[in-house]
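Only one structure is covered here, and it is reproduced in the block below.
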Amino acid sequence: MCHDITIGVLGGKNSAWILKYSMQSLRKAVQVIRNSGINAEVIYVDGGSTDNSKELVRDALGNGGVRIIDAPGSNIPEARNIVIREASGDCIVYWDSDIVAPPYILTMLINTNKPIVSTVRRDVYVRSDDEIQGGILTKVMDLRPRELIMREVPYTVFGVNLFKKEVFEKVGLFDNRLTQAEDRDFGIRPYATAINHT
């Protein structure tokens with residue numbers, strides 16, 4: 001089981017408009033796992049934002065609650081690899097800037113004790129901040145833990161995913177050349193090396 005977890009927040013560039021919601025969600029999830037005795041390190045990789053993305057993340061998670069790494073011009077796979085190299089935890093979770101998840105989600109992922117585990121992903125399209133703040137965020141934050149349903153799958157696309165660090169030692173890092181679909185590329189490689197996805 002993971003006793004020390006690193007959460008990689010990937011903001012890309014100029015993502016404050018969505019980070020303000022994602023960080024509310026992450027702050028609650030981090031509180032839940034820290035209250036259960038799990039050490040949580042948060043690393044935010046910024047791709048050269050000129051908006052208030054970094055300040056927003058720092059304010060949401062607290063000065064001591066997040067380490068901000070400036071990586072101007074970096075793409076998403078490069079940012080994912082920075083998190084792997086900088087992580088002190090034995091497990092890594094990626095929390096992209098557009099993720100909003102219930103407070104218990106990290107606990108559920110950690111408790112599976114699998115090398116790779118992913119949440120069920122649900123894409124939602126919104127027209128306004130009001131739709132996020134007044135509806136989606138409130139509903140997600142009020143969700144109660146459900147019984148964990150586990151299925152082995154051959155492949156995952158990223159939602160909120162947990163990886164034991166050993167996975168990267170076996171299959172390597174993300175392909176920095178990809179500007180999109182790096183999660184799909186990486187999702188298939190563990191399957192090819194017989195590491196189970198759940």
Side-chain angles (χ1 to χ4, degrees), residues 1-12 22 25-26 29-47 61 65-69 71 74-97 99 101-121 145 147-198:
M1 189 162 100
C2 302
H3 300 288
D4 296 292
I5 186 169
T6 298
I7 302 159
V9 177
L10 308 179
S22 182
S25 175
L26 178 59
V30 168
Q31 287 171 346
V32 169
I33 62 169
R34 284 181 177 156
N35 289 342
S36 71
I38 295 171
N39 296 318
E41 159 189 55
V42 180
I43 298 173
Y44 171 67
V45 181
D46 186 86
L61 300 175
V66 62
R67 182 163 43 122
I68 296 175
I69 298 175
S74 61
N75 63 24
I76 296 297
E78 288 168 332
R80 292 193 195 286
N81 289 335
I82 289 168
V83 170
I84 294 166
R85 286 191 293 275
E86 296 290 325
S88 63
D90 49 350
C91 291
I92 296 173
V93 171
Y94 289 105
W95 195 286
D96 293 356
S97 61
I99 296 294
Y104 60 83
I105 199 69
L106 295 175
T107 304
M108 289 182 73
L109 293 173
I110 291 165
N111 288 340
T112 64
N113 199 26
K114 296 282 188 176
I116 302 172
V117 64
S118 178
T119 59
V120 173
R121 176 177 152 167
E147 181 181 324
L148 183 62
I149 299 169
M150 304 259 306
R151 289 189 195 108
E152 251 184 58
V153 295
Y155 161 93
T156 63
V157 174
F158 286 19
V160 178
N161 298 62
L162 178 141
F163 299 90
K164 288 189 176 180
K165 239 178 168 177
E166 66 196 43
V167 170
F168 301 107
E169 294 163 8
K170 291 178 182 173
V171 301
L173 300 177
F174 291 88
D175 187 339
N176 286 339
R177 298 169 300 174
L178 298 176
T179 57
Q180 46 184 307
E182 87 290 340
D183 56 343
R184 288 157 178 84
D185 170 67
F186 189 84
I188 201 81
R189 282 193 277 142
Y191 179 69
T193 57
I195 296 176
N196 292 334
H197 289 71
T198 301

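Quick caveat, the model's predicted, so the values are computed rather than measured. Residues take their numbers from the sequence shown, with the count starting at 1.
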**Report entry** Parallel, tilted or perpendicular: rings of Phe163 and Phe174 (30°, 60°)
**Finding:** perpendicular
Query raised in the report: Below 4.5 Å, heavy atoms only, C-beta onward: do Leu10 and Val83 meet side chain to side chain?
Result: yes
Requested in this report: Find out whether Arg80 and Asp96 are in side-chain contact, i.e. whether some heavy atom of one side chain is under 4.5 Å from a heavy atom of the other.
Outcome: yes
Report summary line: Rounded to the nearest 0.5 angstrom, the NZ-CD1 distance for Lys165 and Ile5 is 12.0 Å
Query - For Ala101 against Ser25, the heavy-atom pair lying closest together - result: O-OG, 2.6 Å
Query raised in the report: Would you say the side chain of Val32 lies within less than 4.5 Å of the side chain of Leu106, judging by non-hydrogen atoms?
Result: no
Query - Ser22 versus Ser97, closest heavy-atom pair with distance - result: CB-O, 3.1 Å
Query raised in the report: With a 4.5 Å heavy-atom cut-off, do Thr6 and Glu86 have their side chains touching?
Result: no
Report summary line: Heavy-atom nearest pair, Val167 first then Pro115, reads CG2-O, 3.4 Å
Report task. Starting at CG of Leu26, measure out to CD1 of Ile7 and round the result to the nearest 0.5 Å. Result -> 5.5 Å
Query - Rounded distance [0.5 Å steps], OG in Ser36 versus CG in Asn111 - result: 8.0 Å
Query raised in the report: Asn176: what forms a side-chain hydrogen bond (donor to acceptor under 3.5 Å, both in side chains) with it, not counting sequence neighbours?
Result: Asn81
Query raised in the report: Is there a ring-ring contact (aromatic ring centres under 6.0 Å, His included) between Tyr94 and Phe186 once you walk through the steps?
Result: CA-CA 13 Å; Tyr94 289 105; Phe186 189 84; 8.4 Å; no
Query raised in the report: What are the two closest non-hydrogen atoms of Asp46 and Ser74, and how far apart are they?
Result: O-OG, 4.5 Å
Requested in this report: Return the minimal non-hydrogen interatomic distance between Asp90 and Met1, and the atom names on each side.
Outcome: OD2-O, 4.0 Å
Requested in this report: Start with the C-alpha distance between Val9 and Val66, add both sets of side-chain angles, then the distance that settles side-chain contact (heavy atoms from CB on, under 4.5 Å), and finish with yes or no.
Outcome: CA-CA 10 Å; Val9 177; Val66 62; over 6 Å; no
**Report entry** Audit row: Tyr44, Leu61, side-chain contact (heavy atoms from CB on, under 4.5 Å) steps and yes/no
**Finding:** CA-CA 10 Å; Tyr44 171 67; Leu61 300 175; over 6 Å; no
Query raised in the report: Out of curiosity, Thr119 OG1 to Ile105 CD1, how far, rounded to the nearest 0.5 Å?
Result: 5.5 Å
Query raised in the report: So, does Arg67 use its side chain to make a donor-acceptor pair with the main chain of Glu41 at under 3.5 Å?
Result: no
Query raised in the report: CG of Asn39 to CD1 of Ile33: how many Å apart, nearest 0.5 Å?
Result: 9.0 Å
Query raised in the report: Please walk me through it: do Glu182 and Asp175 pass side-chain contact (heavy atoms from CB on, under 4.5 Å)?
Result: CA-CA 7 Å; Glu182 87 290 340; Asp175 187 339; over 6 Å; no
Report summary line: All heavy atoms of Lys114 vs all of Leu162, minimum pair found to be O-CD2, 4.1 Å
Query raised in the report: Should Lys164 and Asn113 count as side-chain neighbours, where that means a heavy-atom distance under 4.5 Å?
Result: yes
Query raised in the report: CG/Asp4 to SG/Cys91 distance, rounded to the nearest 0.5 angstrom?
Result: 9.0 Å
